[in-house]
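When reading the values below, keep in mind they use all heavy atoms of this one structure, side chains included, and skip hydrogens, waters and symmetry mates. Predicted model, so just to flag it, every value in this text is computed and none were measured.
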Amino acid sequence: MTTLYEGAFAKVNLTLDVLGKRPDGYHDLKSVMQTISLRDDIVIDVGTGKPWCLECDREGIPCDETNLAWKAAKVYLDTLHLDPQGLQIRITKRIPSQAGLGGGSADAAAVLRALNRHYGAPLSIAALAELGSLVGSDVPFCTLCGTAMVEGRGERLRKLPDIPDCVFVVCKPDFSASTPELYRKLDEKAIPTRPDHQAMESAILAGDLGKIAENVYNVFDPVVTQEHLELNYIKSIFHSYGALTQQMTGSGSAIFGIVPEFEYAAVICNMLRENFPQVFIAKPV
């Protein structure tokens with residue numbers, strides 16, 4: 001038996017735009033995504049000689065073939081016609097669920113990377129990311145990690161330079177937003193403000209953290225904030241204590257702030273934890 005270890009990194013959307021509904025029922029997206037150091041840990045035992053199993057230390061996470069990590073293992077092994085002779089996946093969760101942080105996708109991506117390394121890296125990272133698109137929309141980017149422009153359903157990736165050193169604070173409020181419901185609301189009305197992806201990319205290429213912060217925007221943010229006013233409170237704490245920007249990630253409900261120094265991040269964290277237990281400090285990775 002061989003034991004594999006891999007980190008599964010959360011993602012935030014620096015920009016996120018919904019471009020329209022596709023014939024297959026999905027939506028075309030355009031987003032600049034960034035992985036951060038908030039992570040789950042994945043341990044895989046290959047060659048257990050037993051039926052596949054998956055364990056997770058957090059309640060409410062599916063521990064069967066519906067889990068994206070399980071799906072990723074199956075897709076990888078089936079595609080390469082490999083028999084692991086038994087498999088066990090253990091997930092230590094730190095990334096909040098239903099937060100827009102891509103926790104399940106990050107777990108799936110970590111499984112792909114770990115198995116690919118175990119079998120001698122027959123697939124490039126680009127090919128591995130393409131395989132990830134069969135598992136879920138955020139899996140390709142979570143396989144790649146870093147900073148990237150993401151388009152289509154999430155399968156079209158273009159790597160961007162790393163953003164300048166900074167600190168991310170992430171706050172997950174108690175509620176979770178329904179992604180299908182949010183898409184329905186966006187489909188029903190014109191989107192008044194959209195992110196400027198070109199300006200964001202220029203700011204990243206210039207290594208200008210201030211300009212990056214200026215161009216952070218997510219079209220889902222105003223829709224969710226309208227119904228959940230506590231998001232305004234969270235954002236006001238970020239704004240008052242030194243964050244350069246604050247915005248919801250994905251379809252929510254987590255809010256992230258970009259902070260220039262750890263000291264500011266620590267203060268924001270302490271202020272938010274009085275009302276919101278799920279607050280995290282992270283770095284870009």
Side-chain angles (χ1 to χ4, degrees), residues 10-36 68 95-106 132-142 147-158 160 168 170-201 203-204 212-236 238-239 245-258:
K11 63 85 183 166
V12 294
N13 300 84
L14 299 179
T15 62
L16 178 54
D17 199 2
V18 178
L19 303 179
K21 202 166 186 177
R22 297 152 46 119
D24 61 7
Y26 289 95
H27 287 76
D28 275 318
L29 305 175
K30 189 167 185 178
S31 176
V32 176
M33 293 191 189
Q34 173 68 48
T35 41
I36 59 174
L68 293 185
I95 304 170
S97 301
Q98 297 180 302
L101 293 163
S105 299
S133 67
L134 302 174
V135 181
S137 297
D138 286 335
V139 178
F141 170 72
C142 290
T147 315
M149 182 73 76
V150 182
E151 297 184 73
R153 259 187 67 198
E155 78 284 1
R156 284 160 45 207
L157 305 173
R158 183 161 53 83
L160 296 173
F168 283 85
V170 178
C171 177
K172 166 69 170 72
D174 295 334
F175 75 92
S176 294
S178 163
T179 303
E181 180 73 7
L182 287 175
Y183 277 113
R184 186 184 62 75
K185 287 179 178 174
L186 286 186
D187 287 338
E188 287 175 354
K189 61 177 185 179
I191 298 172
T193 308
R194 295 182 182 273
D196 187 335
H197 299 287
Q198 194 171 356
M200 174 60 81
E201 187 168 347
I204 291 170
I212 289 169
E214 277 178 28
N215 286 288
V216 166
Y217 191 75
N218 174 356
V219 295
F220 285 120
D221 183 297
V223 182
V224 179
T225 302
Q226 195 173 0
E227 295 181 4
H228 296 277
L229 296 179
E230 63 262 46
L231 295 189
N232 280 328
Y233 171 75
I234 294 169
K235 290 176 190 173
S236 72
F238 277 115
H239 182 71
T245 188
Q246 48 282 322
Q247 188 80 181
M248 195 177 78
T249 179
S251 53
S253 57
I255 300 285
F256 71 90
I258 298 177

Out of curiosity, [X] [atom1] to [Y] [atom2], how far, rounded to the nearest 0.5 Å?
X	Y	atom1	atom2	result
E230	I255	CD	CD1	9.5 Å
S31	M200	OG	CE	9.0 Å
D187	L182	CG	CG	11.0 Å
I212	Q34	CD1	CD	8.5 Å
K11	T35	NZ	OG1	11.5 Å
L14	M149	CG	CE	10.0 Å

Option from T249, D138, L16, T15 for which side chain to side chain contact (heavy atoms under 4.5 Å, CB included) with M33 holds: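 Passing option: D138.
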
Salt bridge R22-D28, side-chain N to carboxylate O under 4.0 Å: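 Looking at D28 together with R22, the answer is yes, because their closest N to O distance falls below 4.0 Å.
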
Salt bridge flag under 4.0 Å for residues K185 and E188: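 E188 and K185: not salt-bridged.
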
Test ring pair (Phe, Tyr, Trp, His ring centres under 6.0 Å) applied to F220 - qualifying residues, sequence neighbours left out: Y183

All ring pair (Phe, Tyr, Trp, His ring centres under 6.0 Å) counterparts of H239, not counting sequence neighbours: none

If I compare all heavy atoms of [X] with all of [Y], which pair ends up nearest, and what's the gap?
X	Y	answer
Q98	K172	O-CE, 3.4 Å
T147	F141	C-CE1, 4.4 Å
S251	V224	O-CG2, 4.4 Å
A177	S253	N-CB, 4.5 Å
A106	I95	CB-CD1, 4.3 Å
L231	P173	CD2-CG, 3.8 Å

For [X], does the [atom1] atom have more than 12 heavy-atom neighbours from other residues, nucleotides or ligands under 6.0 Å away?
X	atom1	value
F175	CZ	yes
Q198	CD	no
E201	CD	yes

[X] side chain vs [Y] backbone, donor-acceptor pair below 3.5 Å:
X	Y	result
T245	V216	no
R153	G136	no
T225	P222	no
N13	G250	yes
Q246	I234	no

Pairs meeting criterion salt bridge (charged side-chain N to carboxylate O under 4.0 Å, His left out) with involvement of residues 215-226, two or more places apart: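 Pairs touching residues 215-226 that pass the test: D221-K235.
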
Side-chain heavy atoms of V219 within contact of P195, under 4.5 Å: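 They are in side-chain contact.
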
From CA spacing to verdict: side-chain contact (heavy atoms from CB on, under 4.5 Å), V150, L29: CA-CA 8 Å; V150 182; L29 305 175; over 6 Å; no

